[in-house]
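Letters go in sequence order (proteins before strands), and every chain restarts at 1.
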Number of protein chains: 2
Amino acid sequence: MTDSTSAAAPNGSVRRPVQLTPMQVPKASDVLADDLRERILRGEFPEGTALPPERELVAQTRMSRTTVREALRILEVQGLVQIRTGRAGGAFVQRPGEESIASTVSLLIRGRQVRLAALLETREAVEPACAQLAAKYRTDTDLEALDRANDAIAAEGTLAEFLQANVDWHVAVAVASHNELLTGFMGALSRAIYAATDNQGFIDASVRKTTLRAHRSITDAIRKRDAAAAVRRMTRHVHEYASAVLEVEDRTEIEVPGD
Amino acid sequence: MTDSTSAAAPNGSVRRPVQLTPMQVPKASDVLADDLRERILRGEFPEGTALPPERELVAQTRMSRTTVREALRILEVQGLVQIRTGRAGGAFVQRPGEESIASTVSLLIRGRQVRLAALLETREAVEPACAQLAAKYRTDTDLEALDRANDAIAAEGTLAEFLQANVDWHVAVAVASHNELLTGFMGALSRAIYAATDNQGFIDASVRKTTLRAHRSITDAIRKRDAAAAVRRMTRHVHEYASAVLEVEDRTEIEVPGD
DNA sequence: TGTTAGTTTGGGTACGACCAAAGGTGCGGT
DNA sequence: ACCGCACCTTTGGTCGTACCCAAACTAACA
């Protein structure tokens with residue numbers, strides 16, 4: 001060990017200067033989790049099927065139950081399985097959904113204290129695109145969801161109800177784009193922006209009216225499959241909203257409720 | 001228990017018909033994880049500080065070590081702590097970064113078999129916005145990174161090198177926007193698109209040349225803080241790239257390497 | 001003085017036992 | 001024959017203990 005050349009070992013055999021990498025011993029639970037994850041993503045287990053019971057996995061893998069459980073827990077946190085207790089319980093395979101993106105984004109937003117301005121900037125980037133695609137790909141079901149959200153806004157309920165309906169509409173637009181990535185992003189953004197604008201009561205009757213009109217006009221463009229108009233109006237709508245918010249509360253840090 | 005009205009208990013006290021909700025017993029490890037996560041996000045522990053050792057947490061929480069470990073593992077998966085072994089080891093607090101978003105998005109993409117077209121659509125939404133903000137907020141350091149990536153493209157290396165340099169440039173644009181959310185999204189998208197276009201060799205010398213020219217021209221707009229030009233050129237560049245890719249490989253499923 | 005063999009602190013894994021939840025089963029009553 | 005309830009079985013959740021391994025510190029030894 002003191003020198004890197006060959007040396008005679010006490011018993012006369014030759015010690016070769018074996019060079020080995022700094023070593024990295026992956027944790028057993030990670031290995032199992034990686035394997036299972038790979039198989040799940042590969043589609044080896046259809047959605048809804050139950051993985052073998054923990055004790056069964058223990059037998060198969062020769063790992064301890066602790067390790068197996070940790071692996072399953074990892075997959076659960078990543079949204080790849082859902083664990084249920086009870087007799088017919090177990091780890092049920094599921095495809096990761098928008099919630100997993102939304103919660104991760106929430107973590108990033110809170111953890112890094114992303115500025116409200118950055119949130120709004122991002123929305124200004126994403127939503128017009130959603131509107132455009134929605135105009136291209138929307139189904140009648142999508143339109144119904146949009147109309148329903150607009151009706152809820154017109155209902156003039158409490159502030160919370162208004163904000164919720166507002167979020168619902170925006171998410172509905174994203175859903176209508178039939179792009180799961182954009183939908184996931186928008187879901188995350190909406191939640192965060194909702195939380196950020198919740199307490200600050202700059203929303204009065206006129207704001208609601210303006211919002212409703214803008215939504216209806218955009219919904220119309222989507223209905224008519226007028227992508228250009230949808231983009232234009234959405235861009236304007238989101239930009240105005242952003243300006244309004246920033247005017248009231250400039251340079252504010254965000255608070256997002258936990259997932 | 002057999003009847004829901006009041007009844008005299010054996011000892012003479014009255015049994016009131018208490019009505020209780022269907023009950024929801026959260027898992028112990030989740031409770032701990034939630035608590036720690038909340039504190040971390042609240043900034044109670046500065047980045048880099050070590051949480052108490054597992055055995056210490058066991059003493060404080062009166063939970064078993066298994067439970068404590070599971071909680072820490074959850075936080076690790078969520079990117080909130082990093083666990084190191086050894087004497088000075090432990091769970092070290094860290095803020096979730098772009099990688100956590102990227103890996104989550106990768107899971108979504110693979111798990112839901114998001115179409116390549118959807119990926120490109122999303123990029124067409126996000127990147128122009130990045131370019132715009134980059135033109136507004138770029139620093140000299142950002143420009144250096146952009147130029148470096150462009151030089152790497154000009155170097156005419158292997159396909160892998162070209163693709164990597166390409167990704168680097170796009171990510172550099174996102175970074176220059178100084179918007180952590182957009183950066184995170186772009187990181188995830190780039191990785192996925194990189195993986196999707198890797199094996200299909202539709203990239204020849206002319207494509208490289210075109211790419212380089214587009215990048216240089218966009219970089220220039222960013223350098224001159226010409227937001228409008230940056231948006232316009234980036235929109236065009238990304239759109240052309242998307243068209244080209246889709247022309248070659250239409251309706252293909254994606255493969256993304258694990259995180 | 002430098003090397004090396006403990007020593008200490010901390011995470012990683014393994015068992016084994018028992019609790020809790022939930023579906024299934026069978027016995028007894030009607 | 002049918003219904004209801006007590007009991008059993010399966011499967012995850014928690015606990016406690018013991019032991020191993022990695023890393024950093026310490027002290028003895030050459």
Check: residues 86-98 of chain B side-chain donor-acceptor pairs under 3.5 Å, at least two apart:
residue, atom, partner, partner atom, Å
B:Arg95, NE, A:Gly111, O, 3.2

Could you list the donor-acceptor pairs under 3.5 angstrom formed by side chains in residues 158-175 of chain A, with sequence neighbours left out?
residue, atom, partner, partner atom, Å
A:Thr158, OG1, A:Glu161, N, 3.2
A:Glu161, OE1, A:Thr158, N, 2.9
A:Gln164, NE2, A:Asp168, OD1, 3.0
A:Asn166, OD1, A:His170, NE2, 3.4
A:Asn166, OD1, A:His215, NE2, 3.4
A:Trp169, NE1, A:Thr219, OG1, 3.1
A:His170, ND1, A:Glu127, OE1, 3.0
A:His170, ND1, A:Glu127, OE2, 2.6
A:His170, NE2, A:His215, NE2, 3.4

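Remark: B:Arg138 engages B:Asp140 in a salt bridge (charged side-chain N to carboxylate O under 4.0 Å, His left out) (not counting sequence neighbours). Residues passing the salt bridge (charged side-chain N to carboxylate O under 4.0 Å, His left out) test with A:Asp30 are B:Arg73, sequence neighbours excluded.
Heavy-atom distances under 4.0 Å link DNA chain D to A:Arg65, A:Arg69 of residues 64-73 of chain A, given in residue order. Using a 4.0 Å cutoff on non-hydrogen atoms, the parts of residues 50-60 of chain B near DNA chain C are B:Pro53, B:Glu54, B:Arg55, ordered by number.
Put simply, CG on B:Asp30 is 16 Å from P on D:dG12, counting in whole angstrom units. When the C1' atom of C:dT9 is taken as reference, atom CZ of B:Arg84 falls 15 Å away, rounded to whole Å. Whole-Å rounding puts the A:Leu32 CG to C:dG12 P distance at 16 Å. Atom NZ in B:Lys27 sits about 12 Å away from atom C1' in D:dT11, given to the nearest Å.
Counting only heavy atoms from C-beta outward, the side chains of A:Glu121 and B:Leu181 never approach each other to under 4.5 Å. In this structure, A:Leu120 and A:Leu116 have side chains that are in contact, with non-hydrogen atoms separated by less than 4.5 Å. Contact of the A:Leu41 side chain with the A:Leu80 side chain is registered, since non-hydrogen atoms from C-beta on lie closer than 4.5 Å.
A salt bridge is absent between A:Arg148 and A:Asp151: the closest approach of a Lys/Arg side-chain nitrogen to an acidic carboxylate oxygen does not fall below 4.0 angstrom.
Between B:Gly86 and A:Arg87, the residue anchored closer to the 5' end of DNA chain D is A:Arg87, taking for each the nucleotide with the nearest heavy atom. Checking A:Met63 against A:Thr85, the closest nucleotide of DNA chain C that is more toward the 5' end is the one next to A:Met63.
With C:dT13, D:dT9, D:dG12 as the choices, the nucleotide that has an atom nearest any side-chain atom of A:Ile83 turns out to be D:dG12.
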